[in-house]
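Whatever order the structure lists them in is the order used to number ligands and atoms, beginning at 1.
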Amino acid sequence: MRHAMADTALMPIPGQIDPVPVARDITPRADGRIDLIGLPMKRLIELFGESGLDAKQAKLRGKQVFHWLYHRGVTEFDAMTDIAKAMRPWLAERFVIGRPEIIEAQHSSDGTRKWLLRTADNHDFEMVFIPDADRGTLCVSSQVGCTLNCRFCHTGTMRLVRNLTPGEIVGQVMLARDALGEWPKGRMDFVESGADDETEAEYTADGRLLTNIVMMGMGEPLYNFDNVRDALKLVMDGDGLALSKRRITLSTSGVVPMMARCGEEIGTNLAVSLHAVTKEVRDEIVPLNRKYGIEELLEACAAYPGASNARRITFEYVMLKDKNDSDEDARELVRLIKQYKLPAKVNLIPFNPWPGAPYECSSPERIRRFSDIVFEAGISAPVRTPRGRDIDAACGQLKTAAEKKSRAELDRLAAEKQAALEAE
Ligand code: SAH
Ligand code: SF4
């Protein structure tokens, strides 16, 4: 196997502050087969060539398999009906179609669903699905844990375990489609979208539960840039998951040096976790601010490729009682947005509590007043309705359940798993 890597657990991890490109390739499996999920078409074609198909065959099979993997969501080579029957066992001997393992699925009383997932090397992470009247949003994780320790965020209290691979990132979207029963059955049922992005295709929203994706789960997506980009390319590919880039939003806590590349190489909507308008407060609650300050961050926003009045940048602002929620803060927020001439909207997020959190949520009246001040200045500032709080699925509440389980529970689960293996 070419450039095989020993164990993804040993993947170099980007440092506290500066992103480091993370090499990735295929993680070898115990049975020697190669997991195809997360690989682009070019890599599928290469692998089929290396396994003995001639160039023409490799290309044809690569295209067919790509379509079945990402557009149709099949998990067995036997289901790939336009591939010759004799060819399918050849594929199955050498390759597998993986998904992250589902450890637990929870339902909130408001319809929000949260899944605890596990990587092949036993790291747990979460994804959340938030249904609304007119859309269904999947909140996708980019890392197991996070290096950034924002003080109001539960994920920030975990150490970074590792970056998720492209397969584990796109695998979340695929699992959600599996769970919601949303793979297209017949012909390729996507429609070409507007003239300004001819290469893209888009599922029509009606009848579809999963219409939007936000990179707002565990982790800082711009510290796992290559893997997030490669995964989102598969999501946006018209012959892949075929979701328009306009329906995808990437949220960053402000990794300034990666923002231009994010616009150029990914091109999704951008959300920025601003949360404070003074150096003192932002330094405290988003420690990354000590490295990339508010001015630099707003300059990078002003230069974000693709931002326009039609495609605004979202500023996320968590409402923390007596910390960042005064009238003066609201006015300063307006001033900054105007100073940098940002095509912006503001998303006010009521703070979601978690055990031991050092902050409280602002009162509803305070949030309303803050929102009104921003609105009156002509900037949209809706208050985000907290979703899935009862199952710890709301913004900033994600923290891998395995870490929260007691030692005794973990031992019991391990014993059960062992017993199940022995029974097989
Ligand atoms: N790491 C990225 C994306 C994940 S967090 C980022 O920080 O932008 C998604 C959003 O939830 C961010 O705006 C984050 O600041 C916010 N958030 C984190 N903890 C929260 C909490 N306890 N209550 C409300 N929002 C929170
Ligand atoms: Fe990491 Fe985002 Fe949480 Fe900050 S808010 S600790 S960047 S996940």
So for Cys139, does at least one of its heavy atoms come nearer than 4.0 angstrom to any atom of ligand 1? no

Would Arg162 and Asp121 count as a salt bridge (charged side-chain N to carboxylate O under 4.0 Å, His left out) if you check the C-alpha gap in whole Å, the side-chain angles of each, and the deciding distance to 0.1 Å? CA-CA 11 Å; Arg162 74 164 168 82; Asp121 58 346; 2.7 Å; yes

Do Glu316 and Ser251 have side-chain atoms, one donor and one acceptor, less than 3.5 Å apart? yes

Using heavy atoms and a 4.0 Å limit, tell me yes or no: is His275 in contact with ligand 1? yes

Testing the 3.5 Å rule here: is there a donor-acceptor pair between the side chains of Asn269 and Arg246? no

Assess the side chains of Glu332 and Thr278: does a donor N or O sit below 3.5 Å from an acceptor N or O? no

With only distance considered, is Phe152 within less than 3.5 Å of ligand 1 through an N or O on each side? yes

Among all protein heavy atoms, pick the one closest to atom 19 (N) of ligand 1 and tell me residue, atom and distance. Gly396 CA, 2.9 Å

So is Ser251 polar-close to ligand 1, meaning N/O to N/O under 3.5 Å? yes

Per-atom contacts, ligand 1 versus Gly217 - under 4.0 Å to a heavy atom: 4 (C)

Would you sort out whether Arg366 and Asp327 count as a salt bridge (charged side-chain N to carboxylate O under 4.0 Å, His left out), showing the intermediate values? CA-CA 9 Å; Arg366 187 88 294 273; Asp327 288 1; 2.7 Å; yes

Does Leu164 reach the side chain of Asn227, with side-chain heavy atoms less than 4.5 Å apart? no

For residues Thr137 and Asn212, is any side-chain donor paired with an opposing acceptor at under 3.5 Å? no

As a check for students: among Ser273, Pro353, Cys361, identify the option with a heavy atom nearest to atom 12 (C) of ligand 1. Ser273

Of the listed options (Arg389, Gln397, Glu316, Arg151), which comes nearest to atom 10 (C) of ligand 1 when hydrogens are ignored and any heavy atom counts? Glu316

Ser273 near ligand 2 by a heavy-atom separation under 4.0 Å: no

min-distance protein heavy atom vs atom 2 (Fe) of ligand 2 -> Gly219 O, 4.4 Å

Could you tell me which atoms of ligand 1, counted from 1 in the order shown, lie closer than 4.0 angstrom to a heavy atom of Asn352? 21 (C), 22 (N), 23 (N), 24 (C)

Proximity of Val286 to ligand 2 by residue part, where a heavy atom lies under 4.0 Å: neither

Suppose I only count heavy atoms of Ile349 and a 4.0 Å limit; which atoms of ligand 1 are within that range? 24 (C), 25 (N)

If you compare Arg384, Met216, His154 by their heavy atoms, the one closest to atom 5 (S) of ligand 1 turns out to be Met216

N, O or S of Cys146 under 2.8 Å from atom 4 (Fe) of ligand 2: no

Run the contact test for Gly219 against ligand 1 with a 4.0 Å cut-off on heavy atoms, strictly below, and give the result. yes

Are Arg72 and Trp183 in a cation-pi setup, meaning NZ or CZ lies under 6.0 angstrom from the ring centre and within 45 degrees of the ring axis? no

The single option from Gln397, Arg389, His154 passing side chain to side chain donor-acceptor pair (under 3.5 Å) against Asn352: Arg389

Check Val318 against ligand 1 and report side chain, backbone, both or neither, counting heavy atoms closer than 4.0 Å. side chain

Can you tell which part of Thr252 has a heavy atom less than 4.0 Å from ligand 1: side chain, backbone, both or neither? backbone

Would you confirm whether the ring centroid of Phe66 sits within less than 6.0 angstrom of the ring centroid of His71? no

Heavy atom of the protein closest to atom 3 (Fe) of ligand 2 (residue, atom name, distance): Cys153 SG, 2.4 Å

For atom 25 (N) of ligand 1, tell me which residue out of Pro386, Cys153, Cys395 has the closest non-hydrogen atom. Cys395

Per-atom contacts of ligand 1 with Trp354, taking only distances under 4.0 Å to non-hydrogen atoms: 22 (N)

